[in-house]
Structures are given as structure tokens and as C-alpha cells.
Amino acid sequence: MTAVPPSAGATALSVATWNINSVRMRQGIVTRFLETEAPDVLCLQETKCGDGQFPTAAFRRIGYDHMALNGGKGGWHGVAIVSRLPLADIANRSFCGKGDPRHVTATVLVGGHRVRLHNFYVPAGGDEPDGTVNPKFAHKMDFLAEMAAWLPHAQADGATLVVGDLNVAPYETDVWSHKALIKVVSHTPEECAALEKARIDGGWVDLTRRFVPMDERIYTWWSYRAKDWRAADKGRRLDHVWATPDLADRALAVRILKDARDWPRPSDHVPVVAHFALP
DNA sequence: ATGGCGTATGGAATACGA
């Protein structure tokens with residue numbers, strides 16, 4: 001997580017991603033995060049509320065006036081982009097023909113630049129890592145395959161980020177124990193290969209791993225069920241920031257806010273924040 | 001130590017997370 005000084009005249013941009021596990025339950029800590037870290041843009045997953053229930057006023061009160069919402073019918077899933085910079089070309093895509101609110105996209109307008117954002121919540125996949133007996137796992141694999149086929153078209157938009165809870169920890173050092181988790185949904189070879197295919201086929205740079213050496217373990221999620229999550233430290237890196245190569249070359253740092261796991265009534269995921277200096 | 005927790009809907013008990 002090195003930092004390179006931005007060149008003179010550069011335009012700063014910071015983008016965060018956070019699986020919030022109910023945005024209404026966590027309005028207090030979301031506000032705290034925005035006020036202390038002050039990212040330009042925050043991509044949320046598992047908002048668990050319909051667009052009419054989204055706490056827009058609370059975000060506007062602290063200067064985040066621009067929002068792209070896809071909460072579907074409320075209840076399950078739900079994604080949103082909250083921004084203090086203007087957003088254009090807001091849209092969302094239904095994957096696997098299911099209509100689940102798992103994707104929202106917008107273009108961030110910053111200092112004459114346009115940066116396209118895709119915010120994803122990939123299906124968790126259930127317990128059994130076998131699509132022939134577990135429809136949830138089959139859905140997850142279908143979703144990843146559709147992402148792999150569709151995302152390359154997103155490159156036509158120029159500088160682009162793909163962020164979100166991708167629900168796969170692709171590398172051995174993205175989990176507390178590769179051996180213990182190799183047959184556990186989120187780290188099976190089938191899922192890891194599918195996510196890697198989506199990344200490689202689109203030419204995306206895994207921005208977190210650009211700043212963290214591959215031999216260093218790094219996580220963004222710790223289960224609620226550990227008595228002492230920090231002591232057990234049985235985490236997984238499920239939340240990702242992918243960038244087009246041009247944008248990746250403008251990245252200064254990626255930070256994982258591990259301390260957010262100890263905030264009051266926390267999410268089981270923590271925020272990941274990417275910082276850029278645009279030319 | 002794959003659930004010991006947490007949130008959703010609905011108004012108790014069950015679905016889902018990963």
C-alpha cells in the first residue's frame with residue numbers, strides 16, 4: 001500500500017466499496033466513514049432496502065448529493081453509488097435474467113475527466129460447491145460467466161472501475177487457510193478460475209494486489225460468528241477493486257479499513273478505498 | 001470452530017449470508 005506523490009495539477013479521485021449489510025441499520029457508521037475518510041464516491045452492496053427507503057437525506061446532509069440506486073423491491077441484495085461528485089449515465093443490468101438488484105453503473109464527472117464505475121454484488125452461492133445439487137452455486141457460476149462475457153464491452157467506456165463484493169477470494173493469500181477453504185464456497189478452484197477469467201478476459205488490473213505483495217495475506221471480511229474476530233483472524237478477501245490499465249497506472253494507494261470491523265454494530269465486511277491522481 | 005451471529009420479512013419462525 002505504497003503512496004506516490006501526485007504530480008502538480010493532478011485531479012484527485014477516491015472511490016470506496018463497502019458491503020454494508022443493511023444501509024439503514026448502519027447509517028451511523030456510514031456517516032462516520034464518509035466524514036472521516038471523505039472518499040469522493042462510495043459504492044455500497046447489500047443495502048437491503050428499496051429505492052424509496054434509501055436514506056438519501058442523511059447522505060445529502062453531509063455533502064453526498066448524487067446517488068445511483070438499485071434496491072429492487074427491497075429486502076434482499078441491493079446496490080447503490082453515493083457521491084459528492086456529479087454522476088451521469090446511471091443504469092443497471094439484470095444478470096442471469098433474474099432481475100436481482102446486483103449491479104449499478106454510473107459515470108463520475110471529476111475535473112474534466114469521466115470515470116465509469118460498475119458496482120457489483122455477486123451471489124454468495126450457498127453451502128454446497130456443486131451446481132448440480134445446489135441451485136445457488138449454479139447461479140453464482142452463471143453470474144460469473146455472464147460477467148466475464150459482458151465486462152469486456154464495458155472497456156469501450158474508457159477509464160473504468162469494477163468494484164464490489166465479488167464473493168470470491170481468488171488467491172491463496174486471500175484466505176486465512178487455503179487448505180481449510182479449498183472446498184468452501186468463495187475459495188473453490190472453480191470459483192477462483194471463473195473470477196480470474198472475468199478479470200483476465202476484460203484486461204482488468206486487481207488494484208489491491210498491485211499494492212499488496214502476493215505473499216502477504218489480506219482480507220476484507222470476517223465472520224460475525226467468531227468470538228474474537230481479530231484474534232481468530234479467519235478472514236477472506238471478497239471485496240475487490242479492478243481498474244482498466246490506464247486508470248491503474250494513475251492509482252496512488254488502496255487502503256483496507258480493518259478497524260471498521262470494530263465499529264459499533266459493524267458490517268462483517270470493511271471498506272476498501274482506492275486513491276487516484278488523474279492527469 | 002461452516003456456525004457459535006446478524007438482518008430481512010412480518011408480527012413467529014424461517015430464509016439468507018459465505
Side-chain angles (χ1 to χ4, degrees), chain A residues 17-30 44-55 69-80 95-96 98-102 120-131 133-144 147 164-195 217-240 256 260-272:
Chain A
T17 179
W18 194 5
N19 178 320
I20 198 65
N21 187 16
S22 173
V23 67
R24 289 172 295 173
M25 287 295 301
R26 293 194 225 292
Q27 190 59 60
I29 59 171
V30 178
L44 294 168
Q45 304 86 37
E46 284 205 272
T47 53
K48 293 187 175 176
C49 71
D51 297 346
Q53 304 168 297
F54 196 86
L69 307 180
N70 182 14
K73 299 180 195 126
W76 298 117
H77 327 309
V79 289
F95 283 77
C96 304
K98 285 177 76 85
D100 289 346
R102 295 182 178 276
F120 278 95
Y121 176 51
V122 171
D127 288 328
E128 186 63 41
D130 179 351
V133 297
N134 174 12
K136 289 182 194 171
F137 191 78
H139 175 44
K140 182 179 196 173
M141 296 311 300
D142 288 347
F143 194 103
L144 289 169
M147 265 179 85
D165 178 2
L166 304 186
N167 261 323
V168 179
Y171 308 130
E172 296 194 11
T173 48
D174 291 336
V175 292
W176 65 274
S177 167
H178 171 63
K179 218 172 175 179
L181 293 177
I182 193 146
K183 292 179 178 173
V184 172
V185 173
S186 73
H187 190 62
T188 63
E190 188 180 357
E191 291 164 88
C192 295
L195 190 75
R217 292 189 191 279
I218 192 158
Y219 318 132
T220 64
W221 171 89
W222 292 263
S223 171
Y224 280 124
R225 299 181 197 204
K227 246 179 233 165
D228 182 341
W229 71 273
R230 197 184 284 273
D233 200 24
K234 293 183 173 176
R236 307 176 199 173
R237 185 172 73 106
L238 304 176
D239 302 275
H240 298 268
I256 296 176
R261 188 62 181 76
D262 268 337
W263 290 353
R265 302 200 66 172
S267 170
D268 44 359
H269 296 250
V270 299
V272 180

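Chain letters run A, B, ... following the sequence lines, proteins first, then strands; residues in each count from 1.
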OP1, OP2 of [N] versus side-chain N and O of [X]: anything below 4.0 Å?
{"X": "A/S223", "N": "B/dC5", "answer": "no"}
{"X": "A/H269", "N": "B/dG17", "answer": "no"}
{"X": "A/Y121", "N": "B/dC16", "answer": "no"}

Give [X] one of three labels, base, sugar-phosphate or nothing, depending on what nucleic acid heavy atoms sit under 4.0 Å from its own.
{"X": "A/K136", "answer": "sugar-phosphate"}
{"X": "A/F137", "answer": "nothing"}
{"X": "A/A232", "answer": "nothing"}
{"X": "A/N19", "answer": "sugar-phosphate"}
{"X": "A/R265", "answer": "sugar-phosphate"}
{"X": "A/D268", "answer": "nothing"}

Original post:
Within 45° of the ring axis of A/W229 and under 6.0 Å from its six-membered ring centre, is that where the NZ or CZ of A/R261 lies?
Top reply: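 Pair A/R261/A/W229 counts as cation-pi.
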
Given atom [atom1] of [X] and atom [atom2] of [N], what is their separation to the nearest angstrom?
{"X": "A/Q53", "N": "B/dG10", "atom1": "CD", "atom2": "P", "answer": "11 Å"}
{"X": "A/W76", "N": "B/dT14", "atom1": "CH2", "atom2": "C1'", "answer": "9 Å"}
{"X": "A/N167", "N": "B/dT2", "atom1": "CG", "atom2": "C1'", "answer": "15 Å"}
{"X": "A/D228", "N": "B/dG3", "atom1": "CG", "atom2": "P", "answer": "20 Å"}
{"X": "A/I20", "N": "B/dG17", "atom1": "CD1", "atom2": "P", "answer": "18 Å"}
{"X": "A/M25", "N": "B/dG6", "atom1": "CE", "atom2": "P", "answer": "10 Å"}
{"X": "A/H139", "N": "B/dA18", "atom1": "NE2", "atom2": "P", "answer": "12 Å"}
{"X": "A/E46", "N": "B/dA8", "atom1": "CD", "atom2": "P", "answer": "10 Å"}

**OP:** Within residues 169-180 of chain A, find the residues that approach DNA chain B with a heavy atom at under 4.0 Å, and present them sorted by residue number.
**Re:** none

Say we look at [N] and [M]: how far apart would their [atom1] atoms be, to the nearest angstrom?
{"N": "B/dG4", "M": "B/dG17", "atom1": "C1'", "answer": "15 Å"}
{"N": "B/dG10", "M": "B/dA15", "atom1": "C1'", "answer": "13 Å"}
{"N": "B/dG3", "M": "B/dA18", "atom1": "C1'", "answer": "11 Å"}

Original post:
Salt bridge between A/D262 and A/R230, side-chain N to carboxylate O under 4.0 Å?
Top reply: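 Between A/R230 and A/D262 there is a salt bridge, with a charged N closer than 4.0 Å to a carboxylate O.
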
Subject >> Residue that, paired with A/L166, satisfies side chain to side chain contact (heavy atoms under 4.5 Å, CB included) out of A/V122, A/D239, A/L238, A/L144 >> reply: A/V122

Proximal nucleotide (of [options]) relative to the [X] side chain:
{"X": "A/N21", "options": "B/dT2, B/dG17, B/dT7", "value": "B/dT7"}
{"X": "A/V184", "options": "B/dA1, B/dT2, B/dA18", "value": "B/dT2"}
{"X": "A/R24", "options": "B/dA8, B/dT2, B/dA18", "value": "B/dA8"}
{"X": "A/H77", "options": "B/dT2, B/dA8, B/dG17", "value": "B/dG17"}
{"X": "A/R26", "options": "B/dG6, B/dA8, B/dG3", "value": "B/dG6"}
{"X": "A/D127", "options": "B/dT7, B/dT2, B/dG4", "value": "B/dT2"}

Original post:
Going from OH on A/Y171 to NE2 on A/H178, what distance comes out if it is rounded to the nearest 0.5 angstrom?
Top reply: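 A/Y171 atom OH to A/H178 atom NE2 measures 13.5 Å (nearest 0.5 Å).
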
Verify whether one side chain among [X] and [Y] offers a donor that lies under 3.5 Å from an acceptor in the other.
{"X": "A/T173", "Y": "A/R217", "value": "no"}
{"X": "A/T17", "Y": "A/Q45", "value": "yes"}
{"X": "A/W176", "Y": "A/D233", "value": "no"}

**OP:** Please confirm whether any donor atom in the side chain of A/R225 sits under 3.5 Å from an acceptor in the base of B/dG17, or the reverse.
**Re:** yes

Original post:
Out of A/K48, A/E46, A/R265, which one pairs with A/N21 under the side chain to side chain donor-acceptor pair (under 3.5 Å) rule?
Top reply: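 Running side chain to side chain donor-acceptor pair (under 3.5 Å) over A/K48, A/E46, A/R265 with A/N21 returns exactly one hit, A/K48.
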
